[in-house]
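In what follows, a single structure is set out as structure tokens and then discussed.
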Amino acid sequence: MEYTSPTFNDKCYELLKNVPKGSVTTYKIIARALNTNAYRAVGNAMKRNQNLLNVPCHRVVNSNGSVGEYILGTEKKIEILKSEGIEITNGKIVDFNNRLFKF
DNA sequence: CCCTTGACCAAAC
DNA sequence: GGTTTGGCCAAGG
């Protein structure tokens, strides 16, 4: 029985589970949703996440609309996003602002 | 407590 | 448009 208070990483993961297929969010939005500005820490959390089946970290992109990195590689990330119905041109999300999930 | 590491960001050049 | 620069904050050593 471990009553360890949830780490920042865990909060990121829980939040991310709310993002539906076909939508994306950004590192900054996640940080803001957690009432902080630790964008970089969010990125770190994603990198440490190995539970890809439960946490859709491929739906987290950069604020400028570019896809960003991924544990399996950017190309793989793009591939997955496209399979979920998101258009990507030249490494950028098409209609980015309209694809963003608002918490 | 200090230092380093980031799947980042925004502004500046 | 790209690249550089400074800043941001949590986590781990």
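Residue numbers start from 1 in every chain, and the chains themselves are labelled A, B, ... in the order their sequence lines are given, proteins ahead of strands.
Remark: A:R99 does not engage A:E87 in a salt bridge, criterion side-chain N to carboxylate O under 4.0 Å. A:E14 and A:K11 are not joined by a salt bridge, as no carboxylate oxygen comes within less than 4.0 angstrom of a charged side-chain nitrogen.
Distances shown here put a side-chain N or O of A:S63 below 4.0 Å from the OP1 or OP2 atom of B:dC9. OP1 or OP2 of B:dC8 has at least one side-chain nitrogen or oxygen of A:N62 nearer than 4.0 Å. The side chain of A:T7 places no N or O atom within less than 4.0 Å of a non-bridging phosphate oxygen (OP1 or OP2) of C:dA10.
If you measure from atom CD1 of A:I29 to atom C1' of B:dC8, you get 13 Å, rounded to the nearest angstrom. Across the protein-nucleic acid pair, A:M46 atom CE and C:dA11 atom P stand 12 Å apart, rounded to whole Å. Straight-line distance from the CZ atom of A:F8 to the P atom of C:dG12: 12 Å, rounded to whole Å. Rounded to an integer number of Å, the gap from A:R40 CZ to C:dC8 P is 11 Å. Nucleotide C:dC9 holds its C1' atom 13 Å from the CG atom of A:N35, rounded to whole Å. Between the NZ atom of A:K28 and the P atom of B:dA10 there is a distance of 4 Å, given to the nearest Å. The distance between atom CG of A:L16 and atom C1' of B:dA7, rounded to the nearest whole Å, is 12 Å. Between A:K47 atom NZ and B:dG6 atom P the separation is 5 Å, expressed in whole Å.
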For this session: Assess whether side chain to side chain donor-acceptor pair (under 3.5 Å) is satisfied between A:N64 and A:S66, documenting all intermediate values.
Result: CA-CA 6 Å; A:N64 64 353; A:S66 64; 2.8 Å; yes
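Nearer to the 5' terminus of DNA chain B, by closest-nucleotide assignment, is the contact made by A:N44 (compared with the other of A:N44 and A:N64). Comparing A:K92 and A:N9 along DNA chain C, the residue whose closest nucleotide (by nearest heavy atom) sits nearer the 5' end is A:K92.
Contacts of A:A38 with the nucleic acid, taken as non-hydrogen atoms under 4.0 Å apart, involve only primed sugar atoms and P, OP1 or OP2. Using a 4.0 Å heavy-atom distance criterion, A:Y70 is classed as a base contact. Among the heavy atoms of the strands lying under 4.0 Å from A:N37 are primed sugar atoms or P, OP1, OP2 only; no base atom is included.
Here the straight-line distance linking atom CE of A:M46 with atom CG of A:L16 works out to 5.5 Å at 0.5 Å rounding.
Contact detail for A:I86 and A:S23: the closest heavy-atom pair is CD1-O, 4.0 Å.
With hydrogens and angles ignored, no donor-acceptor pair closer than 3.5 Å exists between the side chain of A:R48 and the base of B:dG6.
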